[in-house]
Amino acid sequence: MPELPEVEVTRRGIAAPLLGARVLAARLGKPLRWPLGRPVELLAGGTVGDVVRRGKYLWLPLWHGPRAAAADDGGLLLHLGMSGSLALLREAPEPGPHDHFDLVTDRGTLRLNDPRRFGAVVWSTSMHAMPASTLLDRLGAEPFDPALTPALFHAALRRRRAAVKAVLLAGDVVVGAGNIYACEALFAAGIHPATRADRISRPRAARLLAALRGTLARALELGGSTLRDFTDAHGASGEFQLEAAVYGRAGLGCRRCGGTVRRIVQAQRSTYVCPSCQRR
DNA sequence: AGTTAAACCTGGTTGC
DNA sequence: TGCAACCAGGTTTAAC
């Protein structure tokens, strides 16, 4: 589920309330993608720092004891996988069958619900140390980073022969777009998803980057997309899916030209495309 | 080296 | 109604 907008919406819902919160206890449910990597009891006594996002990951710093000294300092790298969501609960009910991680603090319980369990909660001593760095180091640029210029974006695309949709999904050129926003950004840019990345001209690359930024920004305004599972930290659903131009609209009319939106499959994933609005 | 399948899970929807 | 097949927001890992 969660692509960059959903993860960022989640971050915005938990960062301020949890800043400086004291961890009272923590518990794990069923196994997630990877083991926590540290006895869960050792999280108690920690103080939560500023939650930051990198790609679709959240980094939740924890420090123990005096700020400068503690050898126990580190944090949690969180990922919501396909079906995860985080809730910050004032009073947490008994965990349900899909509640796989609780961080109980004096400001409420941060609870991860994830039916499919593709999500992750992993301890690391820092974002830049293993195991977090193993996951984060391979990520591409943040989409809103001004350092990601159209020229750099175009140069990166030129190094790739794969379909542009697959390159967006891979996240090693630019992070943040998953299946929904990759489809939507390509539609907004008028580029067919099957176009080889290295065949995209400089002006079209610039257009794609702008479209990606616009799409992600609009989704942020709408609280992300809720297809099934996603809710923000307060339990609210996103609304972007209601104004998606192509995603999930196979067989329906294109909102721009009235033609029929098609579903094709690329890299085992559904791609939605308007063949008349999107050209190779 | 770069691209593409397989794998990890659960549950909802579709079709026979 | 039952059951099999297919589909779903992701991404690491293994295999061409």
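So you know, we letter chains A, B, ... as the sequences are listed, proteins then strands, and number each from 1. In what follows, every heavy atom counts, from backbone to side chain, and hydrogens, waters and symmetry copies are set aside.
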query = Nearest to the side chain of A/Trp34, which nucleotide is it out of B/dC9, C/dT11, C/dT12?
reply = C/dT12
key: A/Arg138 CZ - C/dG10 P separation (whole Å)   = 16 Å
inquiry  = Check this one for me: any side-chain N or O of A/Tyr272 less than 4.0 Å away from OP1 or OP2 of C/dA8?
reply    = yes
task = Flag the pair A/Tyr181 / A/Phe240 as yes when their ring centroid distance falls below 6.0 Å, and as no otherwise.
result = yes
task = To the nearest Å, give me how far apart CD (A/Glu3) and C1' (C/dG9) are.
result = 5 Å
query = Does C/dA8 have OP1 or OP2 sitting under 4.0 Å from an N or O in the side chain of A/Arg269?
reply = no
query = Atom CG of A/Asp137 to atom C1' of C/dT11: distance rounded to whole Å?
reply = 16 Å
Pairs under 3.5 angstrom, nitrogen or oxygen only, protein versus nucleotides 1-4 of chain B, please.
| residue | atom | partner | partner atom | Å |
| --- | --- | --- | --- | --- |
| B/dT3 | OP1 | A/Arg161 | N | 2.7 |
| B/dT3 | OP2 | A/Arg160 | NE | 3.1 |

Along DNA chain C (nearest heavy atom to each residue), the more 5'-positioned of A/Leu135 and A/Thr226 = A/Thr226
ask   = Taking CE from A/Met82 and P from B/dG12, how many angstroms apart are they, rounded to a whole number?
value = 15 Å
query = Hey, does the side chain of A/His79 come within less than 4.0 Å of C/dT11's phosphate (OP1/OP2), counting only N and O?
reply = yes
query = Roughly, in whole Å, what's the span from CG in A/Leu168 to C1' in C/dT11?
reply = 15 Å
ask   = Is B/dT3 paired to anything, Watson-Crick or G-U wobble with both distances less than 3.5 Å, and if yes, which nucleotide?
value = C/dA15
task = Choose from C/dT12, C/dT11, C/dA8 the nucleotide whose nearest atom is closest to any side-chain atom of A/Ser270.
result = C/dA8
task = Verify the stacking flag for A/Phe118 against C/dT11: centroid separation must be under 5.5 angstrom and the ring planes must differ by under 30 degrees.
result = no
A/Phe230 over C/dG9, stacked by centroid distance under 5.5 Å, angle under 30° = no
message = Suppose we define a pair by two distances each less than 3.5 Å, Watson-Crick or G-U wobble; what does C/dA4 pair with here?
response = B/dT14
query = Between C/dT11 atom P and A/Asp172 atom CG, what is the distance in whole Å?
reply = 11 Å
request  = Determine the interatomic distance between P on C/dT12 and the same-named atom on B/dG11; round to the nearest Å.
outcome  = 25 Å
key: Between P of C/dC7 and CZ of A/Arg249, the distance in whole Å   = 20 Å
key: Heavy-atom side-chain contact between A/Leu110 and A/Leu18 under 4.5 Å   = yes
request  = Output yes when at least one side-chain N/O atom of A/Lys56 is less than 4.0 Å from OP1 or OP2 of C/dT11, else no.
outcome  = yes
task = For A/Asp114 and C/dG10, give me the distance from atom CG to atom P, rounded to whole Å.
result = 13 Å
From A/Ile191 atom CD1 to A/Ile200 atom CD1, the distance as rounded to the nearest 0.5 Å = 4.5 Å
query = For C/dT11, does OP1 or OP2 lie under 4.0 Å from any side-chain N or O of A/Arg33?
reply = no
key: Heavy-atom pair of closest approach, residues A/Ser276 and A/Cys257   = OG-SG, 3.1 Å
key: A/Arg249 atom CZ: more than 12 heavy-atom contacts under 6.0 Å   = yes
task = Answer with yes or no whether A/Arg116 presents, from its side chain, a donor or acceptor under 3.5 Å of a partner atom in the base of B/dC9.
result = yes
query = Closer than 4.0 Å, any side-chain N/O of A/Tyr247 to the OP1 or OP2 of C/dG9?
reply = yes
ask   = Backbone N or O of A/Gly178 within a donor-acceptor pair of the A/Glu3 side chain at under 3.5 Å?
value = yes
inquiry  = Say we look at C/dT11 and B/dG12: how far apart would their C1' atoms be, to the nearest angstrom?
reply    = 23 Å
Nucleotide of C/dT12, C/dG9, B/dT10 approaching A/Lys30 most closely (side-chain heavy atoms) = B/dT10
ask   = Using a cut-off of less than 4.0 Å, is there contact between a side-chain N or O of A/His98 and OP1 or OP2 of B/dC9?
value = no
message = Once you apply a heavy-atom cut-off of 4.0 Å, does A/Phe240 come out as touching a base, just sugar-phosphate, or nothing?
response = nothing
message = Return the CG to CD distance between A/Leu58 and A/Glu8, rounded to the nearest 0.5 Å.
response = 8.0 Å
request  = Could you check if a side-chain atom of A/His79 sits within less than 4.5 angstrom of a side-chain atom of A/Val121, using non-hydrogen atoms only?
outcome  = no
task = Using the P atom on both, measure C/dG9 against B/dT14 and round to a whole Å.
result = 15 Å
task = For residues A/Leu169 and A/Asn179, determine if any side-chain heavy atom of one lies less than 4.5 Å from a side-chain heavy atom of the other.
result = yes
